[in-house]
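Just so it is clear, the structure is predicted and the values come from calculations on it, not from any experiment. Scope of the values below: all heavy atoms of this structure, side chains included, with no hydrogens, waters or symmetry mates.
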Amino acid sequence: MNSKKIIRSVLFFAAITLFLIACTKTDTVTTSTSDRDKFVGTWIATTTGPSGQLNFTLTITASNSAPDQILLRNFDLTGNTAYIAASVSGVNLTMQSTLIGSDRYDGSGSIASNIITFNYTVDDGQTIETRTGTAHK
């Protein structure tokens with residue numbers, strides 16, 4: 001074999017090798033978590049206000065209505081069949097004004113280090129009580 005054929009053969013195999021390396025599938029792990037995912041779960045909550053302290057289990061689920069919405073069940077001991085919808089943006093949540101029985105709930109909260117803090121009001125039509133609380137897993 002002459003030197004030109006050897007060089008062409010080497011270049012041909014080098015090109016094939018580079019092509020095969022470029023086409024090799026790499027495993028890329030892509031994690032896409034919604035802001036609301038960090039809120040979803042079962043939480044032990046304590047709230048306080050003028051009427052005293054409440055301790056309860058809070059269940060937060062993802063809503064089917066909107067990708068940024070969560071549902072807070074048994075919030076402030078309202079029961080597991082009642083829920084307050086909240087929208088989530090980053091680490092913050094904003095409760096939609098919700099009437100449960102004769103009480104209207106409005107408020108907001110945030111999450112940091114796996115602890116949710118709440119600031120909200122309960123309006124029974126005669127008085128508005130301002131309450132605060134925390135929840136942890």
Side-chain angles (χ1 to χ4, degrees):
M1 257 185 166
N2 69 29
S3 63
K4 284 186 179 182
K5 284 185 179 182
I6 292 173
I7 292 174
R8 282 188 203 158
S9 295
V10 168
L11 289 175
F12 173 76
F13 286 111
I16 294 292
T17 302
L18 288 174
F19 175 78
L20 291 174
I21 290 171
C23 292
T24 302
K25 181 180 176 183
T26 58
D27 292 330
T28 305
V29 176
T30 306
T31 55
S32 173
T33 57
S34 170
D35 289 340
R36 73 180 180 179
D37 291 346
K38 59 185 141 265
F39 289 93
V40 173
T42 302
W43 301 80
I44 304 302
T46 300
T47 61
T48 58
S51 64
Q53 180 175 309
L54 295 174
N55 299 304
F56 54 94
T57 300
L58 170 66
T59 304
I60 300 177
T61 58
S63 171
N64 293 329
S65 300
D68 67 337
Q69 191 174 72
I70 56 176
L71 304 176
L72 297 94
R73 294 187 187 280
N74 195 38
F75 184 80
D76 217 36
L77 284 175
T78 56
N80 288 320
T81 58
Y83 65 87
I84 297 171
S87 58
V88 174
S89 177
V91 297
N92 300 308
L93 67 86
T94 303
M95 295 178 201
Q96 295 177 2
S97 183
T98 303
L99 185 64
I100 299 175
S102 61
D103 295 333
R104 178 162 303 282
Y105 291 83
D106 291 284
S108 61
S110 62
I111 189 169
S113 301
N114 225 17
I115 297 173
I116 303 173
T117 57
F118 298 101
N119 294 298
Y120 62 101
T121 59
V122 182
D123 181 353
D124 66 4
Q126 295 177 4
T127 59
I128 298 174
E129 182 176 352
T130 300
R131 298 185 60 82
T132 60
T134 59
H136 64 279
K137 284 190 174 182

Of the non-hydrogen atoms in Lys137 and Trp43, which two are nearest, and what is the gap between them? CE-CZ2, 3.3 Å
Taken to the nearest 0.5 Å, the spacing of Ile115 CD1 from Ser110 OG works out to 10.5 Å
Do Thr47 and Tyr120 make a side-chain contact, defined as non-hydrogen atoms from C-beta onward lying under 4.5 Å apart? yes
To the nearest 0.5 Å, how far apart are OG1 in Thr121 and CD1 in Ile128? 6.5 Å
Point-to-point distance, once rounded to the nearest 0.5 Å, from CZ of Arg73 to CD1 of Ile84: 11.5 Å
Quick one: pull up CG in Leu58 and CG in Leu72 and give me the separation to the nearest 0.5 Å. 5.5 Å
To the nearest 0.5 Å, atom OG1 of Thr61 lies from atom CD of Gln69 at 9.5 Å
For Thr46, which of Thr132, Thr134, Asn55 qualifies under side-chain hydrogen bond (donor to acceptor under 3.5 Å, both in side chains)? Asn55
Which atom of Val88 lies closest to which atom of Phe39, heavy atoms considered: CG1-CE1, 3.5 Å
Taking C-beta and beyond as the side chain, do Phe118 and Leu93 meet within less than 4.5 Å on heavy atoms? yes
Donor-acceptor contact present, side-chain Arg36 to main-chain Ser63, <3.5 Å: yes
Any side-chain heavy-atom pair of Thr57 and Thr42 under 4.5 Å: yes
Would you mind listing every salt bridge (Lys or Arg N to Asp or Glu O under 4.0 Å) that reaches into residues 90-116, with sequence neighbours excluded? none
Would you please name every residue forming a salt bridge (Lys or Arg N to Asp or Glu O under 4.0 Å) with Arg131, sequence neighbours left out? Asp76, Glu129
Treating Asn74 as the side-chain partner and Gly79 as the backbone partner, does any N or O pair qualify as donor plus acceptor under 3.5 Å? yes
Between NZ of Lys38 and CD1 of Ile60, what distance do you get to the nearest 0.5 Å? 12.5 Å
Can you tell if the side chain of Phe75 reaches within under 4.5 Å of the side chain of Ile100, non-hydrogen atoms only? no
Any chain of hydrophobic side-chain contacts (each under 4.5 Å) joining Met95 to Leu71? no
Minimum heavy-atom distance between Thr130 and Pro50, given as atom pair plus value: O-CD, 3.4 Å
Thr78 to Ala82 - nearest heavy-atom pair and separation: O-CB, 3.8 Å
hydrophobic_cluster_shared for Ile44 and Ile116, side chain cutoff 4.5 Å: no
